[in-house]
Amino acid sequence: MKYLTEFRDGELARKLVAEIRSAVTRSWAIMEVCGGQTHSIIRNGIDQLLPPEVELVHGPGCPVCVTPVELIDKAHAIAAAPGVIFCSFGDMLRVPGTAGDLFQVKGRGGDVRVVYSPLDAVKLARENPTREVVFFGIGFETTAPANAMAVVQAQRLGLSNFSVLVSHVLVPPAIEAILGSPANRVQAFLAAGHVCCVMGYHQYPALAERFRVPIVVTGFEPLDLLDGIRRAVLQLEAGTATVENAYPRVVTFEGNRPAQAVLADVFEETDRAWRGIGVIPRSGWRLRAAYRAFDAEARFDVSGIRSVEPAACRSGEVLRGTLKPHQCAAFGKECTPRAPLGATMVSSEGACAAYYNYGRLVDLGTGRIGSAGAVACPA
């Protein structure tokens with residue numbers, strides 16, 4: 001299969017791993033920012049191919065995982081309101097809030113629907129003029145352009161019964177927050193290729209220079225990831241800290257200018273709370289004043305909601321890269337994909353789900369991580 005098999009070639013993978021092994025002289029911690037990259041790493045056993053000196057740390061790059069519990073509770077309140085059709089991508093329906101998830105709201109009579117595009121929600125608003133249609137707009141820079149276009153489309157159609165519960169977050173401020181933390185131990189980053197496809201990577205050189213940290217724009221296939229890790233290790237060993245693009249078939253320095261234009265038209269930067277991390281300044285988007293009529297938080301009275309995080313859930317530490325999923329006492333016991341305590345076990349991009357689904361379970365006899373379900377590149 002063209003364009004996939006080329007990036008899963010075992011012989012090339014062995015060469016990249018050998019180059020990494022020959023270059024390493026000391027321990028390094030490298031964070032992949034995107035949950036999609038985390039799943040590819042675990043699914044393909046890439047972390048198990050690396051020398052023990054190279055540790056991959058999983059970052060807060062899952063939009064479902066970082067949506068704060070307060071916003072999920074607001075979603076539940078809006079979805080339960082009379083006359084509302086609440087639309088969301090499927091992953092969000094099982095994320096627990098303070099008093100349950102959206103499936104439970106649906107079970108109690110709420111009209112909660114899964115959509116595959118924000119434009120599906122706009123279509124529902126056109127077809128149901130007497131109902132309020134609310135779309136749960138979550139995600140990073142990757143999903144935000146489509147959500148912005150839905151707002152523009154609703155305005156063009158004159159829809160007064162459509163609104164968006166906005167929970168968009170931005171990657172560069174999150175990287176800055178991680179690097180600025182006293183507990184930080186990340187020494188290099190694999191930047192998410194799909195985010196950079198939209199935004200380019202012109203925002204990263206200043207971060208690399210300020211924090212003296214290599215940043216490599218990386219794709220999602222095994223060879224993409226191994227090449228990104230190789231480049232990061234070579235920079236770390238050489239004591240350099242620049243931005244490299246290891247995903248040039250998709251990413252340019254400038255990014256997608258038309259997508260950036262619609263984002264700038266519809267959204268403006270705002271402080272945003274990240275689940276398990278807290279508020280990061282200027283790390284999110286909200287609707288500009290010209291589109292504020294489509295803001296679900298303003299349309300519905302949900303300001304007085306008080307939220308509580310599950311005490312047993314340590315998702316926040318996983319998202320900050322200070323805890324691996326299998327190091328949580330609840331992992332695979334009280335917390336499983338069928339009965340998740342937190343979003344990192346629910347989401348298809350969550351780090352806990354990756355460890356669980358690909359068999360990274362702890363051997364109770366030895367205390368070591370098992371890998372029965374992992375499919376490794378040939379070593």
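Only heavy atoms go into these numbers, but all of them, side chains included; no hydrogens, no water, no symmetry mates.
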Residues in side-chain contact (heavy atoms from CB on, under 4.5 Å) with [X], at least two apart?
X      : result
Lys123 : Glu127
Gln187 : Arg26, Trp28, Ala29, Leu236
Ala121 : Cys87, Val133, Phe135, Phe162
Asp301 : Ser303

Do the non-hydrogen side-chain atoms of [X] and [Y] ever get within less than 4.5 Å of each other?
X      : Y      : result
Ser88  : Val112 : no
Leu102 : His76  : yes
Val169 : Trp274 : yes
Leu56  : Ile41  : yes
Asn44  : Arg8   : no
Pro96  : Leu341 : no
Ser347 : Pro63  : no
Val318 : Cys352 : yes

I'd like to know if the side chain of [X] and the backbone of [Y] have a donor-acceptor N/O pair within less than 3.5 Å.
X      : Y      : answer
Thr218 : Val216 : yes
Asn128 : Thr130 : no
Asn161 : Ala125 : yes
Arg212 : Gly239 : yes
Gln104 : Asp101 : yes
Ser22  : Ala18  : yes
Ser40  : Phe220 : yes
Thr98  : Val308 : yes
Arg94  : Pro337 : yes
Arg275 : Val64  : no

For the student: nearest non-hydrogen atoms of [X] and [Y], plus distance:
X      : Y      : answer
Ala150 : Pro118 : CB-CB, 3.7 Å
Pro60  : Ile178 : CD-CD1, 3.7 Å
Cys34  : Ala192 : CB-CB, 3.6 Å
Leu226 : Ala13  : CD1-CB, 3.8 Å
Val251 : Cys197 : CG2-N, 3.7 Å
Ala354 : Thr38  : CB-CG2, 4.4 Å

Quick check: Phe136 with Phe86 (ring centres under 6.0 Å apart)?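 Ring-ring flag for Phe86/Phe136: true, centres closer than 6.0 Å.
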Taking the basic N atoms (NZ, or NE/NH1/NH2) and the acidic carboxylate oxygens, is any pair closer than 4.0 Å for [X] and [Y]?
X      : Y      : result
Asp224 : Arg249 : yes
Asp227 : Arg231 : yes
Arg113 : Asp120 : no

Could you see if [X] belongs to whatever hydrophobic cluster contains [Y]? Use Ile, Leu, Val, Met, Phe, Trp, Tyr and a side-chain cutoff under 4.5 Å.
X      : Y      : result
Val198 : Val266 : yes
Val134 : Ile305 : yes
Val114 : Val105 : yes
Met149 : Trp285 : yes
Ile138 : Leu71  : yes

Over 12 non-hydrogen atoms of neighbours within 6.0 angstrom of CD in Glu237: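 Count over threshold, so yes.
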Would you indicate whether Arg126, at its atom CZ, is surrounded by more than 12 heavy atoms from other residues, nucleotides or ligands within a distance under 6.0 Å?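 No - once you tally the heavy atoms of other residues, nucleotides and ligands closer than 6.0 Å, there are 12 at most.
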Going through the checks in order, is the side chain to side chain contact (heavy atoms under 4.5 Å, CB included) test met by Ile215 and Tyr201? CA-CA 10 Å; Ile215 300 175; Tyr201 57 95; over 6 Å; no
Which distance, rounded to the nearest 0.5 Å, do you find between the [atom1] of [X] and the [atom2] of [Y]?
X      : Y      : atom1 : atom2 : value
Glu32  : His39  : CD    : NE2   : 10.0 Å
Cys196 : Tyr204 : SG    : OH    : 4.5 Å
Tyr358 : Arg43  : OH    : CZ    : 4.5 Å
Leu50  : Leu16  : CG    : CG    : 10.5 Å
Leu225 : Asp47  : CG    : CG    : 10.5 Å
Met92  : Ser167 : CE    : OG    : 7.0 Å

Worked check of side chain to side chain donor-acceptor pair (under 3.5 Å) between Glu132 and Ser163: CA-CA 8 Å; Glu132 286 284 343; Ser163 59; 4.7 Å; no
The test is side chain to side chain contact (heavy atoms under 4.5 Å, CB included); show your working for Leu170 and Ile280 and say whether it passes. CA-CA 10 Å; Leu170 308 175; Ile280 301 176; over 6 Å; no
side-chain hydrogen bond (donor to acceptor under 3.5 Å, both in side chains) pairs, two or more places apart, involving residues 251-272: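 Output for this query lists Asp265-Tyr291, Glu268-Arg286, Glu268-Arg292, Glu269-Arg282.
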Stepwise side chain to side chain contact (heavy atoms under 4.5 Å, CB included) test for Glu19 and Leu234: CA-CA 9 Å; Glu19 190 170 350; Leu234 290 176; 3.9 Å; yes
Under 30°, 30 to 60°, or over 60°: which ring-plane class applies to Phe267 and His168, parallel, tilted or perpendicular?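 Perpendicular, since the angle between the ring planes exceeds 60°.
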With sequence neighbours left out, what residues match Arg185 under salt bridge (charged side-chain N to carboxylate O under 4.0 Å, His left out)?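 Residues passing salt bridge (charged side-chain N to carboxylate O under 4.0 Å, His left out) with Arg185: Glu55.
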Could you go through the side chain to side chain contact (heavy atoms under 4.5 Å, CB included) check for Leu179 and Arg210 one step at a time? CA-CA 10 Å; Leu179 290 171; Arg210 178 181 166 196; over 6 Å; no
Do Glu317 and Gln327 have side-chain atoms, one donor and one acceptor, less than 3.5 Å apart?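 The criterion, which ignores hydrogens and geometry beyond distance, is not satisfied for Gln327 and Glu317.
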